[in-house]
Amino acid sequence: MKKRAAALCGAAALLAAMVTAVPAGASGASATAPVARPTWKKCATGTYRTLQCASLKVPLNHLKPNGRKITLALSRVPHTAKTYQGPLLVNPGGPGGSGLTLAGFVASSLPKKVAAQYDVIGFDPRGVGASKPALNCRPGHFSSVRPDSLPSTSAIERANLKRAEAFAKACAKKYAGVLPYIDTISAVKDMDAIRAALGAKKISYFGYSYGTYLGAVYAKLFPNRVRRAVLDSVVDPTGVWYEGNLRQDQAFNDRHRALMAWIAKHDRTYRLGTDPERIEAKWYAMRAALAKKPADGRVGASELEDTFMPGGYYNGYWPYLAEAFAAFVHKKNDDPLVEAYENFGAVDAAGDNGYSVYASVQCRDARWTRDWDEWRDDNWAVYEKAPFMTWNNAWYNAPCAFWPTKSLDPVDVSNTRLPPVLIFQATDDAATPYEGGVVTHHLLRGSSLVVEEGGGNHGVSLSGNACLDKHLTAYLTDGRVPRGQGETDAVCKKLADPKPLSAKAASAASRGSTLHGLLGFRG
């Protein structure tokens, strides 16, 4: 998670009075005790001046509603129109992303007439941010310089394995009583506790990235409580989570090569050549140089991958990454690269928290092989075709090979009991490849799939594409969805790729950059 995102989230994390709720049992039945409404207090930021905050106590174990309680942090932008369409819960993904500030973003980005009809509700899922307890298994786990992610020798492989195992052991030591309840199903039951505390019979939902899986699981457990649901950049629910991460690697490699092609197109600015393959070779030469001598003693090979990985999520970062790349190649100047690492790759305390929840959810949600030989074989096979992020991603998820809790079975999210669900998916999305949107479209009967053709960003609605936002606005206004022929229901053209930086462009923050500052990476 980027420092910028953490700062925005922290600004909204002011909490108010607590209420107690007993959500549904394991089956999703509606056994709830009377609940008090949240007490909302102002927690406005300079950007989101109508934001309010509250908190909600829920059971750690929903099967024991009278047992230990934990606290969820909530945010709200209240409705102002006479026409009231109920609460709209929003989630930025991750797992591990804070949703407090996202409520302000969504409310301010939707047309005023539409946003005014909803209470837009953000929340920090259990373990995240301002919710308590907030997990931080091993502070400084991503401190530089880490071992090279590429296990080219047995010594490098052992060093990376030692880090992964140390993280899992640290989580087990600090949070033994909590980890069995940090998972998607528990978070979904928390969402229903929020619904009950708001006094709503049904909720609408808007989730990005992992938030699409969270929403699909909520719809499976509580189909009669879903009024509307928007899923943007969709996790393939049939690949959680081991297979899904392997599928990401090829898509991230393709997206990295798209960056190389963009740099080639702008050779007059970057002077790195007009052949994308040769530019890519220069990038790997930079990686090899940093593996031997990290920039400023901080940016080695693994940190370089961390820095360029966000470019796979959002092409608005490409000009900054290209400038740092060119400065290193032409001038041996690594200052821009170090700055890019600080902006895009470095992990602060909020990032440590996000990663702790990410690992806790993914390792608990579904079975991961504990046989490292299988991990090794699978990742080397993918690396041969997709070298950019394969091993970096493998080590990011490797604590699951040592995780202290048993794993659950993935949820079958197939559903025939929902109102129309609106799905957005870019064809070249790296973090959640296109197939995930298609699979989910088939699993959710009556859903509508809107595709951004040729788009490669992750999180595409409310990001500046008027065609996509037109469908979102219609849906949130009165439930209308497009209906088309074949696999997709509507197709929108992608936004134009960015241009090289100018003084004006460097100082202007677009809606897309704001959104991508709020979305958690990796999920």
Side-chain angles (χ1 to χ4, degrees), residues 1-7 140 142-150 152 156 252-253 255-348 351 387-389 391-392 497-510 512-513 516-517 521:
M1 182 182 295
K2 296 175 7 189
K3 287 184 177 180
R4 179 158 57 99
F142 289 97
S143 297
S144 57
V145 173
R146 309 198 308 274
D148 191 334
S149 67
L150 185 64
S152 55
I156 294 174
F252 269 110
N253 200 74
R255 200 65 186 142
H256 186 62
R257 287 177 172 168
L259 167 59
M260 301 297 108
W262 181 85
I263 292 172
K265 182 179 178 180
H266 295 286
D267 182 53
R268 290 182 62 182
T269 300
Y270 302 114
R271 297 183 296 110
L272 288 167
T274 58
D275 182 343
E277 290 188 4
R278 291 187 177 182
I279 296 172
E280 186 179 17
K282 291 178 182 178
W283 190 90
Y284 282 102
M286 176 173 66
R287 186 195 187 284
L290 292 169
K292 294 180 179 178
K293 185 181 179 181
D296 195 33
R298 300 174 61 202
V299 183
S302 294
E303 290 75 24
L304 178 71
E305 292 165 344
D306 295 345
T307 302
F308 275 74
M309 180 268 296
Y313 284 81
Y314 177 53
N315 61 10
Y317 301 143
W318 286 1
Y320 302 92
L321 297 174
E323 286 202 344
F325 180 14
F328 186 90
V329 171
H330 295 312
K331 303 176 182 178
K332 305 303 179 186
N333 179 7
D334 58 20
D335 290 343
L337 188 63
V338 173
E339 182 180 1
Y341 166 69
E342 291 174 345
N343 288 333
F344 303 130
V347 175
D348 59 9
F388 169 55
M389 280 296 296
W391 275 107
N392 188 297
D497 284 338
K499 296 180 180 180
L501 289 177
S502 63
K504 182 178 180 180
S507 63
S510 69
S513 66
H516 288 87
F521 292 146

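Position 1 is the first residue of the sequence; numbering continues from there. Quick caveat, the model's predicted, so the values are computed rather than measured.
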Go through Asp296 and Tyr341 one step at a time and tell me if the side-chain contact (heavy atoms from CB on, under 4.5 Å) criterion holds. CA-CA 11 Å; Asp296 195 33; Tyr341 166 69; over 6 Å; no
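For Glu303 (side chain) and Val145 (main-chain N/O), no donor-acceptor pair under 3.5 Å exists by modelled atom type. Lys282 contributes a side-chain N or O that, together with a main-chain N or O of Leu272, makes up a donor-acceptor pair within less than 3.5 Å.
Under the ring-ring contact (aromatic ring centres under 6.0 Å, His included) criterion, His266 pairs with Trp262, sequence neighbours left out. With sequence neighbours excluded, the residues satisfying side-chain contact (heavy atoms from CB on, under 4.5 Å) with Arg287 are Asp148, Ser149, Leu150, Trp283, Tyr284, Ala301, Leu304, Glu305. Under the side-chain hydrogen bond (donor to acceptor under 3.5 Å, both in side chains) criterion, Glu323 pairs with no residue at all, not counting sequence neighbours. Qualifying side-chain hydrogen bond (donor to acceptor under 3.5 Å, both in side chains) partners for Asp497, counting only residues two or more places apart in sequence or in other chains: Asn315. For Pro336, the side-chain contact (heavy atoms from CB on, under 4.5 Å) partners are Ala324, Ala327, Asn333, not counting sequence neighbours.
Here the straight-line distance linking atom OH of Tyr313 with atom NE2 of His516 works out to 10.5 Å at 0.5 Å rounding. From His256, atom NE2 reaches atom CZ of Phe308 across 7.0 Å, with rounding to the nearest 0.5 Å. With values rounded to the nearest 0.5 angstrom, Thr274 atom OG1 is found 13.0 Å from Ile263 atom CD1. Separating the CZ atom in Arg146 from the CG atom in Asp306 is a distance of 4.5 Å, to the nearest 0.5 Å.
Nearest heavy atoms, Arg298 versus Ser144: O-CB, 2.9 Å. Shortest non-hydrogen contact noted between Leu259 and Trp318 is CD1-CG, 3.5 Å. Leu501 approaches Tyr270 most closely through the heavy-atom pair N-OH, 4.3 Å. Between Thr307 and Phe344, the shortest heavy-atom contact is O-CB, 3.8 Å. Counting all heavy atoms, side chain and backbone alike, Ser510 lies closest to Tyr314 at OG-OH, 3.3 Å. Here the closest heavy-atom approach between residue Pro276 and residue Met260 is recorded as O-CB, 3.9 Å.
Applying the salt bridge (charged side-chain N to carboxylate O under 4.0 Å, His left out) test to residues at least two apart or on different chains, the pairs with a partner in residues 262-275 are Asp275-Arg278.
You'll find the side chain of Leu290 stays beyond 4.5 Å of the side chain of Asp334, heavy atoms only.
Taking a cutoff of 4.0 Å between a charged side-chain nitrogen and a carboxylate oxygen, Glu280 and Arg257 qualify as a salt bridge.
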